[in-house]
2 protein chains.
Amino acid sequence: MKKCNMKITFNRGARMKRAKKKIFHDFITRKGLKSTRQRDVILDYFLSSDRHMSIEDLYLKLRAKHPNIGYATVYRTLKLFAESGIAREIQFGDGQTRYEHVAEGEHHDHLVCTRCGTIVEFKNETIEKLQSEVAASHGFLIETHKLELYGMCAKCRK
Amino acid sequence: MKKCNMKITFNRGARMKRAKKKIFHDFITRKGLKSTRQRDVILDYFLSSDRHMSIEDLYLKLRAKHPNIGYATVYRTLKLFAESGIAREIQFGDGQTRYEHVAEGEHHDHLVCTRCGTIVEFKNETIEKLQSEVAASHGFLIETHKLELYGMCAKCRK
DNA sequence: TTGCTAATGATTATCACTTTCATATTAATC
DNA sequence: GATTAATATGAAAGTGATAATCATTAGCAA
């Protein structure tokens, strides 16, 4: 049973990775940019890592096997990921920009543990709807939003 | 009628200012810090200005009449305001820390116009309640939260 | 293969804080 | 009011993360 679930997850993950690689590749082509070894490597690492990575996180991970890839390239490539739509920049107020994976049309918010830094994603349709109502009542047209709940996670409360 | 409303608002504002000055002064005393001319001036400017000021905003405003007050002092004083409870640091993701006024026990969220930078405050009890529920369902104990809606304000939509 | 364009990586610059340090101010005590 | 010990100030230097520069290298279309 467990194994089956893992298999499904794995397959779904693999499919998603392929989809994102295609999105990025199409983006590169459309923009007249070039496909390079570095971009491929960085994309691979990004897709198979934690959902919330800073430039430094990714750079350090890469450096072990790819000491020739520079910090600036990681920085520029992550920006491209965001521009292509497969990643999104997020700020948790700790002075580090992080990049998270973006699934097609998906949006979610975050629970951030102020002790251990754990980040949990959640989604609540009712809250989203209320947000739209609030915005409308002030004449605003929402483009994006940001909801973060900071506190102690179950583990740290013990 | 209009005049009457303004009078009420003005009086309430004046009372609030006095209250905050007292809170800050008490804080200074309790901590064994010193009351200085600079801190008084900065507090005056802060209390009678926009609700969302960056260090630089305040520093530039001050400089016109108080060219002798340094950036570092403004920076340190705003930190003290936050520590004393009369102000709160906020980040809108534009790389500038801003300080907003804090009314006793009050919390609100923000609508931010991505074109003109206008910031509107709002409050929605239902959203807050739903946030608590979400947090609880993940075993989190919320300490603070942050909700920002980014979009176009009524004025910019025209 | 050539030639044009974009990418890379090392380095430098920038920006918004943040800290340092010599000097000046408080405020408590004589 | 003078003394004095502690804190505050302001100019300047330091930080850390991001962003830009530039000489060199690498895609890729013809």
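So that the names make sense, note that chain A is the first sequence line, chain B the second, and so on, each numbered from 1.
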Of the listed nucleotides D/dT9, C/dA16, C/dT19, the one nearest the side chain of B/E56: C/dA16
Nucleotide C/dG9, atom C1' - distance to CD1 of A/I69 in whole Å: 11 Å
d(CD1, A/I42; P, C/dT8) in whole Å: 7 Å
Proximity of A/F81 and A/Y99 rings by center, below 6.0 Å: no
Nearest-Å distance for atom pair CG/C1', residues A/L33 and C/dC4: 15 Å
For atom CZ of A/R37 and atom C1' of D/dA26, their distance in whole Å: 11 Å
A/H52 NE2: over 12 foreign heavy atoms closer than 6.0 Å: yes
Protein-nucleotide distance (A/F92, atom CZ; D/dA17, atom P), rounded to Å: 17 Å
Minimum-distance nucleotide (side-chain atoms of A/T97 versus D/dT18, C/dT8, D/dA8): D/dT18
B/T36 side-chain N/O to D/dT9 phosphate OP1/OP2 under 4.0 Å: yes
Of B/V74 and A/E89, the one whose closest DNA chain D nucleotide lies more 5': B/V74
Salt bridge B/K21-B/D44, side-chain N to carboxylate O under 4.0 Å: yes
Same cluster (ILVMFWY, side-chain, under 4.5 Å), A/I69 and A/M53: yes
Nearest-Å distance for atom pair OH/C1', residues B/Y71 and C/dT19: 13 Å
Rounded distance (Å) that lies between atom C1' of D/dT18 and atom CG of A/L80: 15 Å
Sugar-phosphate only, base, or nothing, as touched by B/K79 at under 4.0 Å among non-hydrogen atoms: sugar-phosphate
Touch class at under 4.0 angstrom, heavy-atom based, for A/R39 against every strand present: sugar-phosphate
Residue closer to the 5' end of DNA chain C, B/R76 versus B/K34 (nearest nucleotide): B/R76
Any residue meeting side chain to side chain contact (heavy atoms under 4.5 Å, CB included) with A/R63, in chain and number order, not counting sequence neighbours: A/Y59, A/L60
Nucleotide C/dT14, atom P - distance to CD of B/Q96 in whole Å: 18 Å
OP1 or OP2 of C/dC17 under 4.0 Å from side-chain N/O of B/Y75: no
Closest-nucleotide ordering on DNA chain D, the 5'-leading residue of A/G95 and B/I28: B/I28
Sugar-phosphate, base or nothing in reach of A/S54, heavy atoms under 4.0 Å: nothing
Contact nearer the 5' end of DNA chain C, comparing B/I55 with B/S35: B/I55
